[in-house]
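Note sheet for the following structure.
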Amino acid sequence: MGPLLLRRLLTALPTLAAVIILSFLLMRVAPGGPFDGERALDPATRAALMHAYGLDLPLPEQIGRYLWRLLHGDFGPSLVYRDFTVTDLVAQGLPVSLRLGGFALLLALILGIAMGLFAAARAGGRTDHALMLGATLLTALPTFVTGPVLVLLLGLWAGWLPVSGWGDGDPAHLALPVLALALPVAGAIAKLSRAGLATALGQDHVRTARARGLGPVTVLLRHALRPALVPVASYVGPAAAGLLTGAVVIETLFALPGLGRYFVQGALNRDYPLVLGVVILYAGLIILFNLIADLLYGWLDPRMRG
Amino acid sequence: MKLPLAIIGAILLAALIGPALLPWSHDAIDWGAIRAAPLSPGHLLGTDSVGRDLLARTLVGTRVTLAVAVAAALVALLIGVAWGATAGWVGGRVDEAMMRVVDALYALPFMFVVILLMVLFGRSILLVFIGIGVVEWLTMARVVRGQLMALKERPFVLAAEAAGARPFAIVARHLLPNVAGVAIAYLLLTVPQVVMIESFLSFLGLGVQEPLTSLGILVKEGADDMDVAAHALLLPGGVLVTILICLTIAGERLRDRFS
């Protein structure tokens, strides 16, 4: 376990560094700057602003300074939200996004694995085909369509759930965003767990369990499920990336004060430090989730511990 | 597989010739009919919040979305096949280095990289599809490389080599035609991916820009207006979902046939 984790970390850190440096360079070569407003600034003001934000220094020095501050948890000042640093904004947005994404991942796992179990229990039958078609449909549905449609159906027409806002983390306010975010991931997990179960059910230890006279439900849950979850675990990394991407839309749509909304606002406003900070944070989270997936691997399948 | 492809064909045909047959262009405003309901006179599917014909807008939006998707998927196909074929044919260290690049790019939060590009270099439709094409070629490269590795040990390749064919000719004339089926399956699966990304970007206001329209923009406009005019969301949303589902199903069936 140790060496594997170390090896993964050794590939992950250069990737993260490359993301940071590349994004930083891209920002600097891009035409147009944060001070290009509707009114042209007079040259002296402009120069003063450039100097105040350190934009007049040579590039390597700018990158060096940025990395150094990053190591101290300082993402620099926001260029648009003048009274806030990017660190402030991220600190406000991250808990909201983590809560949204965490619940969505949980719901997707429960829903997806349940679909996989039912399909595998009826392998080859109608239930199996219907569930797997359903899973394909779920993965093909984009969150920015399911989100508004769910709001329309459950919020506006049925009037069961609030349609937007955070409500200080009130569960009812979270229900629709979490559901919309979880559905495509649930579809992918359903397919993976169905495939994993099909493989596991053909293995020797499962045959032994059956030969000992255990019922189909016990065999499925106690003997086949754990090895079948290995492909699901490997999907946790990409799933986290998918959830983060989906969260950008969901947060915008439901007016939730999460990271994704700051990212979109930053992108529309050309708030470079904010966009850069969020991209780095997202890259870090995705790398973290890939590491977690590796750990899960070893836990689910002892043969992979080495 | 036939039904999904037939549906896609019908949508494509409607998007191509439909707008020419309608009295309204996608950005013409009918001041006398703002937020008209579906089936109202002159506007078969109603109008949006500023009186633009929804049928015309949906058809033009579909056309733009599909055009971007096909163009970007072709960019992905070209890069992916070239990259994968080179790595698979040359093998050894070159192969390892090239595949490392692919692995590293896979690890990137690519949607955010695309958004970063949009933010930095202006929101143009050209950049939308270059940006998407550049990140969507990775899977294609892996698949083509895997196929090529498997094929290049086969007798017909050895025969071609023995007959004195040049490496480039072997790859182009003997190997790539054998990879074409799988590549087409993955091309079919890349198109919905691209449709999804383009609509996602446009939904956020970072993709296709007004006065041009796309399904993503229409879904966004519909979502903003759905409390008074649900059809403005359901119509473009329905077309988008139909396209995505049909392409995904057709692509998956084709892929399963080859694997």
Side-chain angles (χ1 to χ4, degrees), chain A residues 11-12 14-16 18-19 22-23 26-32 133 136-137 139-149 151-153 155-157 163 237-238 241-242 244-246 248-249 252-253 260 263-264 266-272 275-276 278-279 281-287 290, chain B residues 100 103-123 189 192-193 195-206 215-216 219-220 222-228 230-234 236-249 251-253:
Chain A
T11 49
T15 312
L16 190 60
V19 170
L22 268 177
S23 322
L26 276 172
M27 294 230 161
R28 288 297 176 266
V29 298
L133 185 65
T136 302
L137 296 191
T139 52
L141 292 176
T143 41
F144 54 87
V145 176
T146 44
V149 170
V151 169
L152 191 67
L153 295 178
L156 291 172
W157 286 353
V163 295
L244 288 172
T245 323
V248 173
V249 165
T252 309
L253 193 67
F263 180 68
V264 174
L268 291 167
N269 291 331
R270 295 186 152 237
D271 190 343
Y272 290 172
V275 174
L276 191 55
V278 178
V279 168
L281 208 63
Y282 277 145
L285 280 173
I286 290 172
I287 288 170
N290 280 317
Chain B
R100 273 285 159 81
D103 289 341
L105 288 175
Y106 252 118
L108 286 183
F110 74 94
M111 185 64 92
F112 303 107
V113 176
V114 174
I115 293 181
L116 199 65
L117 289 174
M118 295 300 122
V119 174
L120 297 174
F121 297 100
R123 302 166 208 153
L189 285 171
Q193 290 292 329
V195 168
M196 199 96 104
I197 299 174
E198 182 277 320
S199 312
F200 174 92
L201 291 172
S202 300
F203 179 91
L204 294 175
L206 293 165
L215 288 176
V219 169
K220 168 72 178 153
D224 288 343
D225 212 31
M226 66 182 166
D227 45 345
V228 283
H231 67 277
L233 165 68
L234 297 177
V239 175
L240 182 62
V241 166
T242 309
I243 292 175
L244 290 172
I245 288 175
C246 290
L247 283 171
T248 307
I249 291 179
E252 282 188 356
R253 297 228 175 118

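Here the structure is a predicted model, which is why all the values come from computation and not from measurement. Here is the naming used below: chain letters follow the sequence lines, and residue numbers restart at 1 for every chain.
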Of the backbone (N, CA, C, O) and the side chain (C-beta and beyond), which part of V264(A) lies under 4.5 Å from a heavy atom of chain B, both, or neither? side chain
For F200(B), what residues pass the ring pair (Phe, Tyr, Trp, His ring centres under 6.0 Å) criterion, not counting sequence neighbours? none
Please rank P192(B), G237(B), S199(B) by heavy-atom pairs under 4.5 Å with chain A and give me the top one. S199(B)
Given a strict heavy-atom distance threshold of 4.5 Å, which part of L234(B) is in contact with chain A: side chain, backbone, both, or neither? side chain
Identified side-chain contact (heavy atoms from CB on, under 4.5 Å) partner of P142(A) from the options L240(B), V195(B), L215(B): L240(B)
Within this structure, what is the CG-CD1 distance for the pair L137(A) and I245(B), rounded to the nearest 0.5 Å? 4.5 Å
Quick one: of V275(A), V249(A), T252(A), who has the most non-hydrogen atom pairs under 4.5 Å with chain B? V249(A)
For M196(B) and T139(A) the tightest heavy-atom approach is CE-O, 3.8 Å
Side chain to side chain, I249(B) and L133(A), heavy atoms closer than 4.5 Å: yes
